[in-house]
K.L.:
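If you scroll down you'll find the structure; I have some questions about it.
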Amino acid sequence: MPDDNVIRPAFGTPRRPEPAGPEAADQPSLRVLGTGAGHRVGLIRDPSAQEGEVFRIVVGLEDEPEVETVALLPATAGAEEEAERIGFAVLRALEVVEGAI
């Protein structure tokens with residue numbers, strides 16, 4: 001999925017191209033944090049990112065396999081907890097939107 005609108009640790013560096021073919025099977029697994037407003041929010045630890053090992057906070061439609069990165073954190077000490085906090089904030093925002101519909 002495109003991640004052009006993501007704040008990256010290497011701001012201004014072009015993002016890496018999407019994997020194709022058999023490489024796609026080696027994608028890191030998604031840990032779902034929850035769902036709201038028809039979307040799921042998750043966390044991916046990506047050791048092969050162009051920026052180095054990172055945590056990706058991702059959002060995608062609940063019934064679709066694709067997700068899009070909405071935030072990216074370098075995998076430093078404490079980064080996973082921070083990524084979870086961001087993910088839960090995104091999830092809460094979706095729950096608020098869902099309640100307003």
Side-chain angles (χ1 to χ4, degrees):
M1 303 296 344
D3 57 3
D4 292 332
N5 295 325
V6 176
I7 299 171
R8 294 188 279 286
F11 180 75
T13 303
R15 64 184 169 90
R16 65 185 166 106
E18 294 296 318
E23 295 175 9
D26 296 334
Q27 290 296 306
S29 62
L30 169 67
R31 181 168 53 124
V32 176
L33 299 176
T35 60
H39 291 76
R40 62 192 160 121
V41 178
L43 182 63
I44 297 172
R45 185 175 191 138
D46 186 354
S48 61
Q50 178 182 0
E51 301 86 0
E53 188 169 4
V54 297
F55 287 101
R56 296 180 181 279
I57 297 87
V58 297
V59 176
L61 291 174
E62 221 175 317
D63 57 353
E64 297 289 330
E66 293 85 18
V67 293
E68 187 170 330
T69 302
V70 296
L72 191 68
L73 295 172
T76 58
E80 185 169 9
E81 292 81 14
E82 182 65 17
E84 284 181 346
R85 280 192 289 275
I86 293 167
F88 284 123
V90 170
L91 180 59
R92 180 64 184 133
L94 288 171
E95 290 170 348
V96 168
V97 169
E98 183 175 49
I101 297 175

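The analysis underlying the following values was restricted to heavy atoms, covering all of them including side chains, and did not include hydrogens, waters or symmetry mates. In this text the structure is predicted, and so the values were computed from the model without any measurement.
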K.L.:
Who pairs with E95 by salt bridge (charged side-chain N to carboxylate O under 4.0 Å, His left out), at least two apart in sequence or on another chain?
P.N.:
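Expected list: R92.
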K.L.:
If you take all heavy atoms of L33 and F88, which pair is closest and at what distance?
P.N.:
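Looking at all heavy atoms of both residues, the shortest contact is O-CE2, 3.7 Å.
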K.L.:
If you measure from CD1 on I86 to CD on E81, what distance do you get to the nearest 0.5 Å?
P.N.:
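It comes to 12.0 Å.
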K.L.:
Would you compute the distance between atom OG1 of T69 and atom CZ of F55 and round it to the nearest 0.5 angstrom?
P.N.:
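Rounded to the nearest 0.5 Å, the OG1-CZ separation comes out at 13.5 Å.
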K.L.:
Can you list every salt bridge (charged side-chain N to carboxylate O under 4.0 Å, His left out) pair that touches residues 28-39, not counting sequence neighbours?
P.N.:
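For residues 28-39: R31-E80, R31-E84.
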K.L.:
Is the backbone of A37 close enough, under 3.5 Å, to the side chain of E98 for a donor and an acceptor to pair up by distance?
P.N.:
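Checking the backbone N and O of A37 against the side chain of E98, a donor-acceptor pair under 3.5 Å is found.
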K.L.:
In chain order, what residues pass the side chain to side chain contact (heavy atoms under 4.5 Å, CB included) check against E62, with sequence neighbours excluded?
P.N.:
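With sequence neighbours excluded, E62 shows a side chain to side chain contact (heavy atoms under 4.5 Å, CB included) to T35, given in chain and number order.
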K.L.:
Checking A89 now: which residues fulfil side chain to side chain contact (heavy atoms under 4.5 Å, CB included) with it, not counting sequence neighbours?
P.N.:
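For A89 there are no side chain to side chain contact (heavy atoms under 4.5 Å, CB included) partners, ignoring immediate neighbours.
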K.L.:
Give me the atom names and distance for the closest heavy-atom approach of V41 to L94.
P.N.:
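Between these two residues, the closest heavy atoms are CG2-CD1, 3.6 Å.
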K.L.:
Applying side chain to side chain contact (heavy atoms under 4.5 Å, CB included), name anything that partners L61, two or more places apart in sequence or on another chain.
P.N.:
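Result, side chain to side chain contact (heavy atoms under 4.5 Å, CB included) vs L61: H39, D63, E64.
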K.L.:
Between P28 and I44, which heavy-atom pair has the shortest distance, and what is it?
P.N.:
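Scanning both residues, the minimum pair turns out to be CB-CG2, 3.5 Å.
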K.L.:
Can you check whether V54 reaches R45 side chain to side chain, under 4.5 Å on heavy atoms?
P.N.:
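No. Closest side-chain heavy atoms not under 4.5 Å.
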K.L.:
Do L43 and V58 come close enough that some side-chain heavy atom pair is under 4.5 Å?
P.N.:
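SC-SC contact between L43 and V58 ruled out.
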K.L.:
Which heavy atom of A79 sits nearest to which heavy atom of L73, and what is that distance?
P.N.:
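Reported closest heavy-atom pair: O-CD1, 3.8 Å.
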K.L.:
Name all residues meeting the side chain to side chain contact (heavy atoms under 4.5 Å, CB included) criterion together with A93; count only those two or more places apart in sequence or in a different chain, and write none if there are none.
P.N.:
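Residues passing side chain to side chain contact (heavy atoms under 4.5 Å, CB included) with A93: none at all.
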